[in-house]
Amino acid sequence: MTANHWGVGTAEVQDGRIVSIDGHHDDPDPSPINGNVADSLNGRARILRPAIRKSWLDGNPTAVARGRDAFVEVSWDRALDLVADELNRVRSTHGNEGIFAGSYGWSSAGRFHHAQSQLKRFLNTIGGFSYSEGNYSYNAALVMMPYIVGPFRQHIAQATRWTVIAEHSELVVMFGGMAMRNTQVSDGGVGTHRMRDNLRKCADAGVKFVNISPLRTDTDAFLEAEWKPVHPGSDTALMLGLSYVLWSEGLMDEAFLARYSVGFDQFEKYLSGDADGTPKTPEWAATHTGWAADDVTDLARKMAANRCMISVAAGVQRTDYGEQALWMAVTLAAMLGQIGLPGGGYTIGYGVNANVGNMERLFRWGTLPQGKNPVANVIPVAMIGEMLRNPRGNYTYKGETRQFPDARLVWWAGGNPFHHHQDLLRLHHAFQSPETVIVNDLNWTSMARHADIVLPVAAAQERDDFGAGKSDNALVPMQKLADPPGEARVEFEIFHDLAARLGTEELFAEGRSADEWLRHIWEETREVGQRNGVALPDWETFHAGDVIKLPDPSPHQVFLSDFRADPVAHPLPTPSGLIEIYSETLAGFGLPDCKGHASYFAPRDLSADEGELFLLSGQPKTRLHSQLDNGAYSLSRKIKGREPVLIHPYDAEVRGISDGDVVELFNARGRCLAGARVTDEVLEGCVFLWTGAWWDPDFDAPQARDRHGNPNALTHDERTSNLSQSPASHSARVSLRRFEGTVPEITVHAPPVLYSETD
């Protein structure tokens, strides 16, 4: 048995090799992503031995750029000696702030063998490191929401259960849809996929759904949702138009606003047009959204007449000024006055993973302690490229002026920025700046190809561990199913050997082996379980057994119900203790792109870089982000080896494009090839390209054209605003044409040129 972020799997192993992994028999809707594991772990791209970038090893690191160079395979002793020497050099010359590490990404699902936890623990024992905070998925919410309602991570854990919505809601209005492909996965794992069944119960109960997204398939057909597409990035304008109807027709709940919020009077001046001369009427909203004004009015009246849940998908905030849609959703819900009622109010983050609104863990599982990081320099996650290009430069974040670290050594483990980050060619150039780049990985991803030192690591299925999601109720025994191929090693052992070289072995390992650490972490879990009335078996019994499922801690949960019942006894953690429709704190920052209340800002004028089509990109159904992209299931949905791009029939016809053609998407930032999928599922004037294809640049082609279909070859690296510095990847535009000429082969699923030390 094994666990992944996309669920529990049972494996078939033949002659010491994993040949297949199927979903667990108790899972009603297992994810087919398990179909990627066997081929990826046994594939050509697997890193089999430690490797050093040739030019770096030769002492001339700029002779060939990172990402283009060959590698020399070396012994583990040679590789670890080089890593230890580089750590000592950077620490002695630049201090520990000169090490940027910790990485970003989903890594592995195990509680102990978690790549980033292992790396952070190791580096903290030698003085710490600079790092990033936040995430690419919903960073705007992480920064914005505490100012207006409270900590976002706590609030998604407190989201109203879908079973409550089925019983009490009459209408669910979904900004950004409710894509089932996203609900295959959850942070740390998911024991049971509940979302499909819970949504079916809503549909069977007569709950009506409205899908406000440029993509029809952002909701599944069984919901029979009304599809009301909007122009990308116009959700804030639409919500303002809806709010205007509530305000002008006397449909808003003035008593709720008076008791549970502050600042509506300032927002009212903006909504009415008194503040800026522009009333946010349905007619005004129509000019930005593509809706008819009557449709705006009709939806607002329906929302006021029914028990209504407002849902905002994570993708809505990944646009220019994406914070405003979040603030506007809270404002709109407050005007309706249903916050804290069963089936009413709002939730930001439904559909972001398998568990939001479906399940939470009963208690916190045991985990590997990471120690304390003495280095305080932390940057927003989407500013990594900017940090590399502008060491010691200043930037604005959360109302403060901060300074980037001077990152001389970058260490990446358990992630792939050449998937997550925007404007990949720009990122490629930025990664030429550090003196040393170290990468731990399974496969020769684009990040591994940008390393100077590459350390091959064991996969989750190649070591003992246990799985337990951050928001799940399942404890999953993860037995070692096969040996790591070649010379790949368990990361704990790699860091243990490095710690011995640096004199910190006792600090890192505390005298425990990997097996002893696993037992220790399990015992911690058992002790916490005991305090919560749950008796868990000993390690041997658990690890040889099946999944253990714990009770749901809050099966009838209603978001902010305590606050609604008594806002004095249960205040929000905001300056006023109430919902801040107007925030004095945010207004006091004086930012040009985030005022004291929710506001509409026109998209950035990037006309020199733009094409005529909106580019949308989202989580694929065939993998988690870019993980195991070379697996069988991921490959099975590609078109001529390339990621599919959804194109409206009209947009395809005027460009002479047929279903199955290889097409080129391009703008001033970059180019990529993709496989055309002509469909009316996408709004005319938009194209949708799945994320996660391993970036495969052809450096001899114009703009290092990506052969494979990675949308971040095209997205801009501007951020949402100066407040949160979050990614705004959904604000790109592109041109599109049928690709003429010989279609290049995909190269990234094979290793780079490799030499041995004796060559």
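For the numbers below, each heavy atom of this structure counts, side chains included, while hydrogens, waters and symmetry mates do not.
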Problem set entry | Euclidean distance, M328 CE relative to I581 CD1, rounded to 0.5 Å | 8.5 Å
Problem set entry | Test item: F264 and E254 side chains (from C-beta on) under 4.5 Å apart, heavy atoms | no
Exercise. C308 and V172: side-chain contact (heavy atoms from CB on, under 4.5 Å), yes or no, with the steps?
Worked result: CA-CA 6 Å; C308 177; V172 178; over 6 Å; no
Problem set entry | Whether R181 side chain and Q619 backbone form a donor-acceptor pair below 3.5 Å | yes
Exercise. Going by heavy atoms in the side chains, are R307 and P342 under 4.5 Å from each other?
Worked result: yes
Exercise. Looking only at heavy atoms, which two atoms of H421 and I384 are closest? And how far apart?
Worked result: CE1-N, 4.1 Å
For this session: Verify, without hydrogens or angle tests, whether E323 (side chain) and M144 (backbone) share a donor-acceptor contact under 3.5 angstrom.
Result: no
For this session: State, yes or no, whether a side-chain contact exists between L242 and M303 at a heavy-atom distance under 4.5 Å.
Result: yes
For this session: Using the side chain to side chain donor-acceptor pair (under 3.5 Å) rule, take N394 and T401 through it: C-alpha gap first, then chi angles, then the decisive distance, then the call.
Result: CA-CA 6 Å; N394 292 331; T401 298; over 6 Å; no
Problem set entry | Separation between CZ of F267 and CH2 of W247, rounded to the nearest 0.5 Å | 10.5 Å
Using a 3.5 Å cut-off and no angle test, enumerate the donor-acceptor pairs between side-chain atoms of residues 370-383 and protein atoms at least two apart in sequence or in another chain.
unit_1: Q370; atom_1: NE2; unit_2: S117; atom_2: OG; d: 3.1
unit_1: N373; atom_1: OD1; unit_2: F129; atom_2: N; d: 3.1
unit_1: N373; atom_1: OD1; unit_2: V375; atom_2: N; d: 3.0
unit_1: N373; atom_1: ND2; unit_2: F129; atom_2: O; d: 2.8
unit_1: N377; atom_1: ND2; unit_2: Q403; atom_2: O; d: 3.4

Exercise. Can the ring centres of F404 and Y395 be said to be less than 6.0 Å apart?
Worked result: yes
Exercise. Quick check: does any side chain N or O of R194 sit under 3.5 Å from a backbone N or O of T192, one acting as donor and the other as acceptor?
Worked result: yes
For this session: Look only at the side chain of R719 and the backbone of D717, and say whether a donor-acceptor pair between them is shorter than 3.5 Å.
Result: yes
Seminar exercise, completed: When every non-hydrogen atom of S103 is compared with those of L119, the smallest separation belongs to OG-CD2, 4.2 Å
Exercise. Can any side-chain N or O of Q530 pair as donor or acceptor with the backbone N or O of L536 at less than 3.5 Å?
Worked result: no
Exercise. Is the shortest side-chain N to carboxylate O distance from D566 to R564 below 4.0 Å?
Worked result: no
Problem set entry | Check: M239 main-chain N/O paired with S243 side-chain donor or acceptor under 3.5 Å | yes
Problem set entry | salt bridge (Lys or Arg N to Asp or Glu O under 4.0 Å) evaluation trace for D204 with R200 | CA-CA 6 Å; D204 291 344; R200 285 188 184 278; over 6 Å; no
Exercise. Is the backbone N or O of A728 less than 3.5 Å from a side-chain atom of T319, with the two atoms forming a donor-acceptor pair by type?
Worked result: no
For this session: Report the distance from atom CZ of F559 to atom CE of M309, rounding to the nearest 0.5 Å.
Result: 9.0 Å
Seminar exercise, completed: Output for pair (S617 OG, R318 CZ), nearest 0.5 Å, gives 7.5 Å
Problem set entry | I310 side, atom CD1; F175 side, atom CZ - distance, nearest 0.5 Å | 6.5 Å
Exercise. Hey, mind stepping through L240 and L271 against side-chain contact (heavy atoms from CB on, under 4.5 Å) and telling me if it holds?
Worked result: CA-CA 7 Å; L240 281 164; L271 184 66; 4.1 Å; yes
Problem set entry | Backbone N/O of A314 and side chain of Q317: donor-acceptor pair under 3.5 Å | yes
Problem set entry | Stepwise side chain to side chain donor-acceptor pair (under 3.5 Å) check, N139 with S726 | CA-CA 6 Å; N139 197 71; S726 301; 2.9 Å; yes
Exercise. Do other residues, nucleotides or ligands put more than 12 heavy atoms under 6.0 Å from the CZ atom of R364?
Worked result: no
Exercise. With under 30° as parallel and over 60° as perpendicular, where do the rings of H625 and W106 fit, or are they tilted in between?
Worked result: perpendicular
For this session: Assess whether atom NE2 of H570 is packed by more than 12 heavy atoms of other residues, nucleotides or ligands within 6.0 Å.
Result: yes
Exercise. Under the 6.0 Å and 45° cation-pi test, does K280 pair with Y600?
Worked result: no
Problem set entry | Contact check, side chains of I165 and Y350, non-hydrogen atoms, under 4.5 Å | yes
For this session: Locate the shortest heavy-atom distance separating A140 from S724; write the atom from each residue and the value.
Result: CA-OG, 3.9 Å
Exercise. Can you check whether T396's main-chain N or O pairs, donor with acceptor, with R402's side chain at less than 3.5 Å?
Worked result: no
Exercise. Should L238 and V296 count as side-chain neighbours, where that means a heavy-atom distance under 4.5 Å?
Worked result: yes
Problem set entry | Y147 side chain to E584 side chain, donor-acceptor N/O pair below 3.5 angstrom | no
Exercise. Side chains of N211 and D218: do they bring a donor and an acceptor to under 3.5 Å?
Worked result: no
Problem set entry | Non-hydrogen atoms of E249 and T297 that approach each other most closely | OE2-CG2, 3.9 Å
Seminar exercise, completed: Rounding to 0.5 Å, atoms CZ (F152) and CD1 (I348) come to a distance of 6.5 Å
Problem set entry | Stepwise salt bridge (Lys or Arg N to Asp or Glu O under 4.0 Å) check, D276 with K269 | CA-CA 8 Å; D276 61 0; K269 294 174 186 177; over 6 Å; no
Exercise. Is the NZ or CZ atom of R604 both under 6.0 Å from the centre of the six-membered ring of Y321 and within 45° of that ring's axis?
Worked result: yes
For this session: Report the relative orientation of the aromatic rings in W365 and F363; use parallel for angles under 30°, tilted for 30 to 60°, perpendicular for over 60°.
Result: perpendicular
Exercise. With a 4.0 Å cut-off, would you call E400 and K398 a salt bridge?
Worked result: no
Exercise. More than 12 foreign heavy atoms under 6.0 Å from NZ of K470: is that the case here?
Worked result: no
Problem set entry | Flag side-chain contact, heavy atom, 4.5 Å: H114 against Q116 | yes
For this session: For the pair H597 and Y582, name the ring-plane relationship: parallel under 30°, tilted 30 to 60°, perpendicular over 60°.
Result: tilted
Exercise. side-chain hydrogen bond (donor to acceptor under 3.5 Å, both in side chains): which pairs involve residues 161-177, sequence neighbours left out?
Worked result: R161-D552
For this session: Please confirm whether the backbone N or O of Y244 pairs with a side-chain atom of S248, one donor and one acceptor, at under 3.5 Å?
Result: yes
For this session: Would you check if N722 and Y397 make a side-chain contact, meaning some heavy-atom pair closer than 4.5 Å?
Result: no
Exercise. What do the steps show when you test Y136 against H420 for ring pair (Phe, Tyr, Trp, His ring centres under 6.0 Å), and what is the final call?
Worked result: CA-CA 7 Å; Y136 287 86; H420 281 102; 5.4 Å; yes
Problem set entry | Minimum heavy-atom distance Q557-V164, with the two atoms named | O-CG2, 3.7 Å
Exercise. If you look at every heavy atom in F601 and P592, which pair is closest and at what distance?
Worked result: CE2-O, 3.5 Å
Exercise. Taking side chain as C-beta onward, heavy atoms only, is L550 less than 4.5 Å from L475?
Worked result: yes
Problem set entry | Enclosure of K208 NZ (heavy-atom neighbours >12, cutoff 6.0 Å) | no
For this session: Walk me through it: do Y346 and L332 pass the test side-chain contact (heavy atoms from CB on, under 4.5 Å)?
Result: CA-CA 9 Å; Y346 77 94; L332 177 59; over 6 Å; no
For this session: Please determine if R361 and D472 form a salt bridge, counting it only when a charged side-chain N lies under 4.0 Å from a carboxylate O.
Result: no
